[in-house]
Amino acid sequence: MRLLFLFFVIYTTDAKLNVDYKVVESNIAEHVGKPYAPDWKDLDTRPLPEWYDKAKIGIFMHWGVYSVPSFGSEWFWSNWKSGDNKSIEFMNKNYPPGFTYQDFAPMFTAEFFDADAWASLFYKAGAKYIILTSKHHDGYTLFPSRRSFSWNAMEVGPKRDLVGEIAQAVRKNNLKFGVYHSLYEWFNPIYLEDKKNLYLTKNYPMTKLWPDLKQIVHDYEPSVIWSDGDWEAFDAYWNSTDLLAWLYNESPVKDEIVVNDRWGIGIPCHHGDFYNCADRYNPGKLQNHKWENAFTLDSKSWGYRRNMALHEILSIDQLLKEVVSTVSCGGNALINIGPTKEGTIAPIFQERLLTLGRWLLINGEAIYGSSPWIHQNDTYNANVWYTCTKQEYDAERPTSRPKPSDVITSVYAVFLHWPRDNMLKLRDIAPYLHTGTYKVQLLGNEGTLNWKISSGVALIPLPDKAIVESKHAWTLKFTQK
Ligand SMILES: C[C@@H]1O[C@@H](Oc2ccc([N+](=O)[O-])cc2)[C@@H](O)[C@H](O)[C@@H]1O
């Protein structure tokens, strides 16, 4: 009761910055003790586990046998077999006749792989969750699948349980661990037979897919299942809703688990805890469902490419722009790197990630745990993206989810270009500043900044750039005095 009263007082005195758009109230209460039915209508009512929305930044890793040829992309095997000229030429030039994709597996040695060193890099990068390819479309598993004989990392290649080692190291650093998992396998004969039967038989999902995924869930208890490779068949073939109902109702990760939207034809962008929609999806507008922008630092490939060129790698400015615009519109940023077959992470990727991490040390309060504000991209200055923070809801009452009508404590404007005349011009914050009760701060620097309004645009003189702590992008914080 006292809390309610406090809420009321703050709400009435601090309502000016409040968002007022409609959301679907979560019906967590309704589902207490009642299992989810295996249909999308019911599965869609599950509230998003809160850790995921707060995390904002994840790191994605594409690692596997394709890291050996390390040519073209992680689609190398399929490209080669479907007649891609560059791949064929590459094989003819560099490998003896008769050399198969499987012959690459023993060369996936991972001799320099140190899970703790990777996890410490991810921690320093400011990521809060890590997604690893437990199995890509080639079917090779990075864990000892009991159904993938001599086509898993324990038996051929590293001779190690890569999923297990990374899961453990990541958790030691207090980061969440999740797995990417491809539903289909290009060349799995059991899958291909179902496909030939127009998916009227389900031998592959019954004998391979779900037993494998359940093994993963039991052995590693992932916080995310990032499903992929769904597009050749409907969810009715994959049995996606049964698996999800099991995950949500009974699995050892039922409270924590978060899944994406790639569960069959027509499902992406419509169902799932969060939506990936297309890869590198970044709509630039506020979305009404939690979403994630998955993108790669190497703009040409998710897996490692030995011949990548510097200009093909996202610059720090491009990286920050993706992160900031994504979070401003309610998304999470999932940043992909491809480790090498030796188990190293290319220094250029390390440099980008560590620069991001240093940026987040100063500007992180505008990102982690933030919410979208009323405005996203400033209508006067397109290099500016807004976020806000809201008063914490009552954690003692799990049904009191944060709502858009909650009290806003601060608004943040992240700007990606330093104005040449040291004068930042913003339109969308101006009506709020106008009331005269706002304090404006530049994150990383002491003191407050002045401002004035001219023709509806806020003019904020910035300090001399030489004394500014942040680099590459900067954040103004607006709080009521
Ligand atoms: C993360 C990526 O996911 C898939 O690629 C896709 C899947 C879906 C779309 N899509 O919906 O636009 C685009 C690329 C994979 O084929 C690819 O190798 C990588 O793992």
Side-chain angles (χ1 to χ4, degrees), residues 57-82 84 86-87 101 104 108 127 129-142 162-163 166 178-188 191 195 209 213 216 222 224-235 238 240 258-272 274-284 287 289 291-305 308 312 314 322 326 331-339 341 349:
I57 295 173
I59 290 176
F60 202 3
M61 277 188 286
H62 275 68
W63 200 29
V65 171
Y66 44 82
S67 313
V68 177
S70 194
F71 180 82
S73 79
E74 71 289 348
W75 274 66
F76 178 77
W77 189 12
S78 167
N79 292 344
W80 173 31
K81 290 297 145 184
S82 53
D84 170 61
K86 281 192 183 149
S87 307
Y101 183 75
F104 283 122
F108 179 31
Y129 62 106
I130 306 301
I131 312 283
L132 170 68
T133 47
S134 61
K135 179 194 80 174
H136 202 259
H137 313 327
D138 61 4
Y140 179 87
T141 62
L142 272 62
L162 303 177
V163 174
I166 292 174
V179 292
Y180 165 107
H181 180 263
S182 174
L183 295 178
Y184 87 143
E185 296 175 20
W186 291 317
F187 303 112
N188 184 315
Y191 173 70
K195 185 173 172 175
L209 186 61
L213 206 67
I216 291 175
V224 181
I225 293 178
W226 208 102
S227 179
D228 191 30
D230 61 318
W231 49 78
E232 290 195 342
F234 288 99
D235 55 321
W238 300 121
S240 306
V258 172
V259 303
N260 69 343
D261 56 351
R262 293 188 181 166
W263 297 101
I265 294 171
I267 305 301
C269 236
H270 291 98
H271 302 286
F274 66 89
Y275 297 166
N276 285 114
C277 302
D279 289 11
R280 304 178 179 88
Y281 180 67
N282 188 0
Q287 303 296 296
H289 188 89
W291 64 286
E292 181 189 67
N293 175 7
F295 61 95
T296 68
L297 286 186
D298 172 2
S299 61
K300 293 272 158 68
S301 173
W302 299 85
Y304 185 62
R305 282 189 312 137
M308 65 185 175
E312 295 164 330
L314 256 61
E322 284 300 314
T326 296
N332 279 14
L334 183 64
I335 307 162
N336 178 77
I337 53 162
K341 68 181 169 70
F349 296 150

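Predicted, not measured: the structure shown is a model, and the values here were computed from it. First listed ligand is number 1; within each ligand, the first listed atom is number 1.
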Subject >> Check: Tyr101 ring centroid to Trp80 ring centroid under 6.0 Å >> reply: no
Original post:
For ligand 1, which atoms have a heavy atom of Trp75 less than 4.0 angstrom away?
Top reply: 15 (C), 16 (O), 17 (C), 18 (O)
Original post:
Are a donor atom and an acceptor atom from the side chains of Asn293 and Glu322 found within less than 3.5 Å of each other?
Top reply: yes
Subject >> Within-shell test, Tyr281 vs ligand 1, heavy atom, strictly < 4.0 Å >> reply: no
Original post:
Side chains of Tyr191 and Glu232: do they bring a donor and an acceptor to under 3.5 Å?
Top reply: yes
**OP:** Could you tell me if the ring centre of Phe108 sits under 6.0 Å from that of Trp63?
**Re:** yes
Original post:
Is Tyr281 reaching over with its side chain to a backbone N or O of Ala294, donor-acceptor style, under 3.5 angstrom?
Top reply: no
Subject >> Under 3.5 Å: N/O of His62 near N/O of ligand 1 >> reply: yes
Subject >> Asp228 N/O under 3.5 Å from ligand 1 N/O >> reply: yes
Subject >> Output field: ring centroids Phe60/Trp226 closer than 6.0 Å >> reply: yes
Original post:
Cys277 heavy atoms, cut-off 4.0 Å: which ligand 1 atoms fall inside?
Top reply: 11 (O)
Original post:
Which atoms of ligand 1 sit under 4.0 Å from any heavy atom of Tyr180?
Top reply: 20 (O)
**OP:** Check whether any N or O atom of Glu74, backbone or side chain, sits under 3.5 Å from an N or O atom of ligand 1, and answer yes or no.
**Re:** yes
